[in-house]
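Heads up, the thing below is written out as C-alpha cells.
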Protein chains: 4
Amino acid sequence: MAKKTFQKLSKEKQNTIFDGAAACFAEKGYYGASIKDICENADISNGALYKYFDNKEELFLEVLLRCQEILEEELYKKYTHIENSLKQTVEAYLNQIIKLHQKYPDYIKIYSNLGSFEADLLSDKLNQPFMESADYVYNMVQEAREKGEIKLAIDDKELSFLLDNYFILFLNSLISNYHEIRFRFFLHKKPEEALTNQDKINFILQSITPILK
Amino acid sequence: MAKKTFQKLSKEKQNTIFDGAAACFAEKGYYGASIKDICENADISNGALYKYFDNKEELFLEVLLRCQEILEEELYKKYTHIENSLKQTVEAYLNQIIKLHQKYPDYIKIYSNLGSFEADLLSDKLNQPFMESADYVYNMVQEAREKGEIKLAIDDKELSFLLDNYFILFLNSLISNYHEIRFRFFLHKKPEEALTNQDKINFILQSITPILK
Amino acid sequence: MAKKTFQKLSKEKQNTIFDGAAACFAEKGYYGASIKDICENADISNGALYKYFDNKEELFLEVLLRCQEILEEELYKKYTHIENSLKQTVEAYLNQIIKLHQKYPDYIKIYSNLGSFEADLLSDKLNQPFMESADYVYNMVQEAREKGEIKLAIDDKELSFLLDNYFILFLNSLISNYHEIRFRFFLHKKPEEALTNQDKINFILQSITPILK
Amino acid sequence: MAKKTFQKLSKEKQNTIFDGAAACFAEKGYYGASIKDICENADISNGALYKYFDNKEELFLEVLLRCQEILEEELYKKYTHIENSLKQTVEAYLNQIIKLHQKYPDYIKIYSNLGSFEADLLSDKLNQPFMESADYVYNMVQEAREKGEIKLAIDDKELSFLLDNYFILFLNSLISNYHEIRFRFFLHKKPEEALTNQDKINFILQSITPILK
DNA sequence: GATGAATGAGACTTCATTCAT
DNA sequence: AATGAATGAAGTCTCATTCAT
C-alpha cells in the first residue's frame, strides 16, 4: 500500500502520478520502465517517488489498483442493467470498451497484459484478481435469460464465458498488433483493406445472432 | 538471423541454448531477462552468446522463431485432418495444447504473451505474425462443414473465430494465473475446489455442443 | 556541454574532476583511459560521472576546453606585450612554457597531442581549433618589427611560423621522449650527458640570433 | 620480435599483414584498434595473429619497425646527396614527403604520432628512436655548407634543426587537421580559399630564402 | 515534506587471448 | 601451421534506491 505521504496528496495529484507511471509501464513494461522516466512523466522528483511508495514494485501494484478503479468506474458502473436487447447491450459494451480505451489507453494496455510476465511475477501480491468483467458479463446473460432472449440450448455460465471471450479479445485487438491481425484474418480482410472497429463489432454481433431469438 | 557460428552448432546444442534463453524470457520478459542469467541457463559463456547472436534483440527474435517451429511441428502438423467429429477434434486439439505446454512450457508462455509489451516493441521485426493457429482452426471448421456437422446458422469465419477464442484462452489458462481464475469463475468453482484441465475441456465441449448436430 | 549538475559544482570540485580525467587521458589517450580509472582519479563515483557528462566523449571535449582555458590564462594573458627585446620575449615565453608544463603536465600533454588520432576523430566536435598560440606569436613578431628588431629580410608570417615551430617542438620535447631525443641529437649531446631545458632554450636563442639585429 | 612463424612467411605476406594492422592503428590508435579488425584488415585468422606475434603490443612495435624501414627505403636512401642547391633539395625532400604520404598514409600517420600517448607508453620497448630524419637533414646542411650556399651566420646544428622543424610540421599538416589549420593561419588563407601542398612548400622555400645566398 | 545529487551494482557488449580441432 | 570458437574480464553506461540539504 502507498505510504501516508501519498495519501495526503489531492486525488488529482495522485492521478497525475498514476497517469505518468501508467504511460511508462504501458510503453515498456515493468522492467523496461525506468524510475527516472516515470518521475519525469509524473512530474515529480526522484526523491518524492520514494516518499510516496516503498519501491518500484509497490508503485506498479498501485497502478494496477488504479486500473481496477477505472474499469469499475468507467465500465461496470455504467452498465448495471440491460436497457434493451442482449445484442444491443453487447454492442454498447463493445463501444464502451472503445471509449474506455480512448480515454485510458495506458491503463487498458496494462490491464490487458495482466496475463503476461510481470503480472504473474507479482500475482501473489495482487490479492483480488480482476474478475469484475467476468462478473458483469455473467449478470448480463442472466438478465437476458430472464427476458427470454436466448434461443440456443446453452448454459448461462457457458454463454457468459463465450461472450466474455469476445470482449477480452476485442479489447486485445485495440492494444496488440497480433490480435489486430488475428481479427483481420478471420474477417478475411486483405492487407490493403482498412479494418475498422465497427467491422470487428459487426463481426461479433453477427456471430452471436444465431444464438439469440 | 543468427550468425554462422550458431548455425554450425549441432541442432541439439542450438536447442539447449534456445531452451535456456526461453526459460529466462518466459520468467521475466524481454527486459527482465539478463544476458548473464540467459548464459548460465544456456550453459554457455557470456562471450559465446555474442558469437552466436548480434545482440539480445536478435536472440529474442530467434527464440520466437523457435516458438513458431515448435508449434508447427507439435501442433499443426499433427492435426491436418479431422479424423472423427469436430467435437472430438476440438477435444484432441485441447489435449494436444496441454501436452505441448507440458513439453515446452517456456516457449508456450512466450508465445501466449506475444500480444504484450515487448512483442509489440519488436513487432516490426517479426515479419510474419503467428497466424498458423487461426489458419488451422479455419480449416478444421471447413472440413466439419463439408461433413455436415454444423447445426447452427453460423458462418465459417465466425465459427472458427469463436473456436479459436476458446483455444487461445484455454492456452492462456495454462500459463496465466489470471486466466486460470477466470475459468474458475465461469465454472463456478469454489476456492477450495480443484480445477483440472479436464474440467476446462469439458466446459468448452459442453459449450459448443448446441452448435453442432 | 557539461550537464547542469556539473555546473552547479564549485569551480574547485570541477577542476578536481578535470584534473583526474586529464591525468588518465594524458597517460593512456582517449581509448586507453577507462571510465573506472577516471572516476577513481577524480574521486567521484562511477554514476556521478554520468550525472555530470553525457558520455566519455563529452567529458573529453570538456577537458580539451579546460586545456584551452588554462593556456589562455597561464600563457597568452601573461604576454600580451613585448617588454624588452624579441629575444628576451622568446626566452620568457619558453620559460613560461616550462612553468606551464610543470603546473599542468597532463593538460599540456593532451594539448600537444591534439594533432593525434583521437583529436582528429573528434575534430568535427571541436568548433574552434587552438590557434591562440599561433596568433600570439604573430603579434609578438609584429611588435618586434615595429620596434625595428628584425634584421633578416623575412616576412612577418614566415618569421612567426618559424618561431612558432620552435615553441611547438620545445613543448613537445617536454612531453615526448622522441622529441627530447631529437633535441639531444641536434645539440650533439652524448648519451651520458645531461640535457637541461636551459640547454634547449639557449640553443633556440642562439638559432634566432642571426635573424635579429 | 616477431615469432619464427611470422618470419617464415613471404615478405609479401608479411607486408600485407603489416599494412592491415597499420591501417587500424592509424585510424584508431593503439587502444582503439581491435585485434578482430586488424585480422580482418590483414586477411588472416584471429588465431594466426597469435602464432605470428606474442600479443598486441609486440605487433604494434613491429609495425613501428616497418615504419622505420619504409622511411629508410623511400626517403633517406633516395636523397643521400644534394644534387643541386639546398633550396632545390629542400623542395625535393618536401615533395618526397608528399609522395611517401600518398603511398603509405597509414604508416606515416603512425610515425608522425610517435610523440603521442602510445609511443611513450611503449618507448622503453623501442630501442632505437627514429633519428634517421634528423641525421639526414644534418648531412644535407653540411653538404650545403661545403658548397658555400649558406649566407646567414648560423651553426650547422642550428640550421639543420630549423629545417627539420619545417619537415616535421609539414608532414604533420598532411595528417592532422590541427596542423593543416595552423599552416592556413600563417599563410593568411581565408576559410573559403583552398590550401594546396604547393602553397605550403612555396611558403617554406620563401622562408628559407633569406638564409641562403 | 521535497529535492535531486550520489551511489555502486548490474545492464549489455566488446575485448585480447587461448585452445581444441 | 592454421583456424575460428570459446572465454571471462573489462568496457561504457543505466539503474533503483538512499541521503544530505
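The sequence lines fix the lettering, A, B, ..., with proteins before strands; numbering per chain opens at 1. All of these numbers come straight from a predicted model, not from anything done at the bench.
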**Asked** B:Asn15: what forms a side-chain hydrogen bond (donor to acceptor under 3.5 Å, both in side chains) with it, not counting sequence neighbours?
**Response** B:Arg66

**Prompt:** Which heavy-atom pair separates D:Ser45 from D:Cys39 by the least distance, and what is that distance?
**Reply:** O-SG, 3.8 Å

**Message:** Among residues at least two apart in sequence or on other chains, which ones pass side-chain contact (heavy atoms from CB on, under 4.5 Å) with C:Glu62?
**Reply:** C:Met1, C:Ala2, C:Phe18, C:Phe53, C:Leu65

**Minimum heavy-atom distance B:Ile44-B:Lys13, with the two atoms named** = CG2-NZ, 3.8 Å

**Asked** Under the side-chain contact (heavy atoms from CB on, under 4.5 Å) test, which residues partner B:Ala21, sequence neighbours left out?
**Response** B:Phe25, B:Ile38, B:Leu59, B:Val63

**Secondary structure of DNA chain F in dot-bracket form (Watson-Crick or G-U wobble, distances below 3.5 Å, | marking inter-strand pairs)** = .||||||||||||||||||||

**Item:** Any residue of residues 5-18 of chain D with a heavy atom less than 4.0 Å from an atom of DNA chain F
**Value:** D:Thr5

**Message:** Need one value for C:Phe53: base, sugar-phosphate or nothing, where a base atom within 4.0 Å counts as base even if backbone is also close, heavy atoms only.
**Reply:** nothing

**Request:** Return the value, rounded to whole Å, for the distance between atom CG of C:Asp43 and atom P of E:dT7.
**Result:** 9 Å

**Asked** Under 6.0 Å between ring centres, would you say that holds for C:Tyr31 and D:Tyr31?
**Response** no

**salt bridge (charged side-chain N to carboxylate O under 4.0 Å, His left out) pairs, two or more places apart, involving residues 29-53 of chain D** = D:Lys36-D:Glu40

**Complete:** Sequence neighbours excluded, the answer for side-chain contact (heavy atoms from CB on, under 4.5 Å) partners of A:Lys3 is A:Thr5, A:Asp54

**Message:** Give me the atom names and distance for the closest heavy-atom approach of B:Asn41 to B:Ala23.
**Reply:** OD1-CB, 4.2 Å

**Fill in**
In whole angstroms, the gap separating P of F:dG11 from CG of C:Leu49 amounts to 14 Å

**Asked** Can you name the residues that form a side-chain hydrogen bond (donor to acceptor under 3.5 Å, both in side chains) with D:Asp19, not counting sequence neighbours?
**Response** D:Tyr107

**d(NZ, C:Lys4; C1', E:dT3) in whole Å** = 14 Å

**Message:** I'd like to know whether CD of A:Gln7 has more than 12 heavy-atom contacts from other residues, nucleotides or ligands below 6.0 angstrom.
**Reply:** yes

**Asked** What is the per-nucleotide protein-contact pattern of nucleotides 13-21 of chain E, from the 5' end, where B denotes a base atom under 4.0 Å from a protein heavy atom, S denotes such proximity for sugar-phosphate atoms only, and - denotes neither?
**Response** BBSSBB---

**Request:** Using a cut-off of strictly less than 4.0 Å, decide whether D:Tyr52 has a side-chain nitrogen or oxygen near OP1 or OP2 of F:dA1.
**Result:** no

